[in-house]
A.B. asks: 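Just dropping this structure here.
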Amino acid sequence: MSELTRLTLTAAREGLAQGHFSATELTQAYLDAIEPAGDLNAFVLTTPEKALDMAKASDARLASGEAGPLEGIPLGVKDNYAVDGVRTTAGSNILKHFVPQYESTVTANLWRDGAVMLGKLNQDEFAMGSSTETSAFGATVNPWRREGSSQPLVPGGSSGGSAAAVAAHLCAGAAGTDTGGSIRQPAAFTGTVGIKPTYGRCSRWGIIAYASSLDQAGPIARSVNDAALLLRSMAGHDPKDSTSAKLPVPDYQQAVGASVKGMRIGIPREYRVDGMSDEIAALWDEGAQWLRDAGAEVVEISLPHSKYALPAYYIVALAEASSNLARYDGVRYGERVPGRDIIEMYEKTRASGFGAEVRRRIMIGTYVLSAGYYDAYYVRAQKVRTLIKRDFENAFAAGVDAVLAPATPSPAFGIGEKSGADPVEMYLQDVFTVTLNMAGLPGIAVPAGLSGEGLPLGLQLIGRPFGEEALFSLGQVIEEAAGRFPCPEDWWR
Ligand code: GLN
C-alpha cells in the first residue's frame, strides 16, 4: 500500500489543499493499487484515462483556488449508476453492452464537487443479494480473511465491490446503493463505514432500479468523517426524481465529533433474535456502554412488528423488482436473443440474460402481484410495512433519537457457504437491515470490533427521518471508542 492510498479521504483532501501531492499523483497511486488487485474482483471496469483527465482538471482548479469539496478525490462507483459513456451493467448479462448516454444525478453531484472517477464496482446482479456472488462478472472476494486461513470470504452485498475496494484501499471512497442493507451489510463485513440515508435524501435518477420504494444511494468510506463528506455531495433535491426531498443538505461534517450528551438511544428488544452469536450480543452491549460513557441515555424499546419485516420485505421488494425488470425485453433494453416470433424472442432474451436468482425473484414478484394472490401477499405486506413504520414513529415520539442494533447476524462468511439450494439462508442476512428501508429511515454501519477469528463486526444506528446528523455524531463516538480496523495485509498483490 502506498503512502498516498493509505490516507483517509479526509486526510487526502487536506494533503491536496496544502499541495503535499497532486490529484494526478493520488489518482495514479490508486490506479497502481487497482492493477495488481485482480484477485479481489472488486472493479468490473476501470477508466484510467478518464481518471487522469479528471485529476488534471482538478489540479488546475486546486491551483487556481476553485477547488470543490471533493476536489481530486479518486472514487469508485457501483455498477448500477449510469455514468455517461461508461459501460453500466448492474452486474447483469442482459446489460453487458449497455453504455448510457446520460449521467446519474448522484455521480453528477460527485463530479461537480471535483471527485475523480476510477471505475465501476462489482455488485450482485441488479443489487439482488447479500454476498456479491450473483454478479455476471463472478464473485468479489473480501480483502479480510479469518486468522490463519486463506479461505476466500464474501465481502457482503450487494455493494460488495464498493466495500471491498474501499477496505483494500483501491479507492478513497465509493458510491453504493441500499434497498435492504446493501450498503450497511458489506460495510460491516469489511470494516468500513456505510450510510443509507433517509429515503428521498439522494436522487434515484440514473440508478438502475431494483425496488423503487426502497432504493437509496449512499457512500461507503474508511471513516465516519469520510462518509459525511461524501454524503454531503451525493445528497440533494432533484426535479428528475419526484421522490427526492426538497430540503437543504446540512454540512454533515459539522455533526462529526459533536456532543451526544442527552441523546436518547433505544435498544430494541425484538432484535435479540434466536441464534444471534454471543460475540455480536456482547459487542452490542459494549456499543451501548460507549454511548452511555459519551453522555447518551440508553433505554430499552419495543419494535413489536420487527419479526415480520424480513418476509414483508421479500414480498414488497420482489413485487417492485418484477415490475421494474419488465423493461428488459430485448426490444427497448437488453441483449436480444432472436427467436422464431416475438414471444420466443422475449423468452430467450430473458432466460439467457438474467441469472438464476434474478429469475427466481421475478417469478416470486409476479406471483405475489397476480390477481388471485395480490391481497393475500402484496396488500398484506404493505400493511405490515405501515406497522413497522409506526413502531419506529412510536419510539421517536417517546423521545428516542436513534436506535442501536447490530448490523449483521454474523461476520463475513465463506464464498459458496450460503449460496446453496436454500435461498432463505442468504435472505436471513438482512434481518437487521431491511426494517429501516421499509420505514424509509436512515441507518449507518460503523466498524465496532473484531470477531474471535479476526473479522470485522459492525454496529448499526438507525435515525429519525432526515436525522443523518445524529447518526454521524453517534457513529463518531463508536469509531473513537472502537478504533479503526485496517485490512490486515495486502495478500492479493
Ligand atoms: N440483500 C437484500 C436483497 O437481496 C438487499 C439488497 C440491497 O439492498 N440491494 O434484496
Side-chain angles (χ1 to χ4, degrees), residues 1 3 5-14 142-148 153 155-156 163-170 172-174 183-195 219-230 252-253 255-261 263 265 277-296 298 402 404-408 410-412 443-461 470-491:
M1 198 180 296
E3 286 310 314
T5 59
R6 205 181 289 276
L7 301 173
T8 59
L9 188 158
T10 308
R13 214 168 73 120
E14 195 66 14
N142 195 327
W144 288 81
R145 290 167 160 184
R146 294 186 184 115
E147 242 158 55
L153 305 179
V166 171
H169 294 249
L170 308 183
I183 287 175
R184 291 158 288 149
Q185 184 253 18
F189 276 14
T190 57
T192 56
V193 177
I195 180 163
I220 295 183
R222 289 201 289 271
S223 75
V224 171
N225 198 67
D226 286 7
L229 289 168
L230 286 167
Y252 293 122
Q253 207 186 350
V256 180
S259 168
V260 303
K261 219 176 226 130
M263 276 196 200
I265 310 302
S277 80
D278 294 345
E279 272 180 348
I280 296 210
L283 186 79
W284 193 10
D285 293 340
E286 201 175 7
Q289 190 55 43
W290 290 332
L291 297 178
R292 236 180 251 123
D293 293 345
V298 177
L404 178 72
T408 59
S410 74
I444 191 169
V446 182
L450 294 178
S451 74
E453 295 175 311
L455 295 177
L457 297 172
L459 284 174
Q460 180 180 216
L461 288 149
L471 301 186
F472 285 121
S473 303
L474 293 161
Q476 180 66 17
V477 170
I478 292 185
E479 180 173 287
E480 271 168 31
R484 292 237 178 85
F485 301 95
C487 262
E489 51 173 332
D490 42 359
W491 53 263

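Values below: every heavy atom of this structure, side chains too, minus hydrogens, waters and symmetry copies.
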A.B. asks: Tell me every residue that passes side chain to side chain contact (heavy atoms under 4.5 Å, CB included) with Pro186, counting only those two or more places apart in sequence or in another chain.
C.D. replies: Ser159, Ala163
A.B. asks: Quick one: closest heavy-atom pair of Ser259 and Met263, and the distance?
C.D. replies: O-CE, 4.3 Å
A.B. asks: How long is the straight-line distance from CZ of Arg484 back to OG1 of Thr192, given to the nearest 0.5 Å?
C.D. replies: 12.0 Å
A.B. asks: Mind checking side-chain hydrogen bond (donor to acceptor under 3.5 Å, both in side chains) for Asp490 and listing every partner two or more places apart, or none if nothing turns up?
C.D. replies: none
A.B. asks: Which atom names give the shortest non-hydrogen contact between Ala294 and Val477, and what distance separates them?
C.D. replies: CB-CG1, 3.7 Å
A.B. asks: Go through the structure and list residues passing side chain to side chain contact (heavy atoms under 4.5 Å, CB included) with Ser277, not counting sequence neighbours.
C.D. replies: Glu279, Ile280
A.B. asks: So, using side-chain hydrogen bond (donor to acceptor under 3.5 Å, both in side chains) as the criterion, who are the partners of Glu147 when residues are at least two apart?
C.D. replies: none
A.B. asks: Using the test salt bridge (Lys or Arg N to Asp or Glu O under 4.0 Å), find all partners of Arg6 that sit at least two apart in sequence or belong to another chain.
C.D. replies: Glu3
A.B. asks: Does Leu9 offer a backbone N or O that forms a donor-acceptor pair with the side chain of Arg222 under 3.5 Å?
C.D. replies: no
A.B. asks: Identify, with sequence neighbours excluded, every residue that meets side-chain hydrogen bond (donor to acceptor under 3.5 Å, both in side chains) alongside Asp278.
C.D. replies: none
A.B. asks: Considering only heavy atoms from C-beta outward, does the side chain of Leu291 approach that of Ile478 to under 4.5 Å?
C.D. replies: yes
A.B. asks: With no hydrogens and no angle check, is any side-chain donor or acceptor of Trp144 less than 3.5 Å from a backbone partner on Ala164?
C.D. replies: no
A.B. asks: How many angstroms lie between OG1 in Thr408 and CZ in Phe189, if you round to the nearest 0.5 Å?
C.D. replies: 5.0 Å
A.B. asks: Would you say Thr190 and Ile220 make side-chain contact, with heavy atoms under 4.5 Å?
C.D. replies: no
A.B. asks: Minimum heavy-atom separation for Ala167 and Pro143, please, with both atom names.
C.D. replies: CB-CG, 3.9 Å
A.B. asks: Scan the side chains in residues 444-451 for donor-acceptor partners under 3.5 Å anywhere in the protein, sequence neighbours excluded, and list what turns up.
C.D. replies:
{"from": "Ser451", "atom 1": "OG", "to": "Glu453", "atom 2": "N", "distance (Å)": "3.2"}
{"from": "Ser451", "atom 1": "OG", "to": "Gly454", "atom 2": "N", "distance (Å)": "3.4"}
{"from": "Ser451", "atom 1": "OG", "to": "Leu455", "atom 2": "N", "distance (Å)": "3.1"}

A.B. asks: To the nearest 0.5 Å, how far apart are CG in Asn225 and CZ in Arg13?
C.D. replies: 8.0 Å
A.B. asks: Contact between Leu229 and Thr10 at the side-chain level, heavy atoms closer than 4.5 Å - yes or no?
C.D. replies: yes
A.B. asks: Between Pro456 and Pro411, what is the shortest heavy-atom contact and its length?
C.D. replies: O-CB, 4.2 Å
A.B. asks: Show the nearest heavy-atom pair for residues Leu230 and Gly173, with the distance to one decimal.
C.D. replies: CD1-CA, 4.1 Å
A.B. asks: Would you compute the distance between atom CZ of Phe472 and atom CD1 of Ile195 and round it to the nearest 0.5 angstrom?
C.D. replies: 4.0 Å
A.B. asks: Considering all heavy atoms of both residues, which atom of Ala187 and which atom of Gly194 are nearest to each other, and what is their separation?
C.D. replies: CB-N, 3.6 Å
A.B. asks: Looking at residues at least two apart in the chain, or sitting in another chain, which of them share a side-chain hydrogen bond (donor to acceptor under 3.5 Å, both in side chains) with Glu480?
C.D. replies: Gln476
A.B. asks: Could you tell me which residues satisfy side chain to side chain contact (heavy atoms under 4.5 Å, CB included) with Ala402, sequence neighbours excluded, listed by chain and number?
C.D. replies: Ile265, Leu471, Leu474
A.B. asks: With side chains defined as the heavy atoms from C-beta onward, is the minimum distance between Gln289 and Asp293 less than 4.5 Å?
C.D. replies: yes
A.B. asks: What's the spacing between Ser410 OG and Gln185 CD if we round to 0.5 Å?
C.D. replies: 8.0 Å
A.B. asks: Mind checking side chain to side chain contact (heavy atoms under 4.5 Å, CB included) for Ala482 and listing every partner two or more places apart, or none if nothing turns up?
C.D. replies: Trp290, Phe485
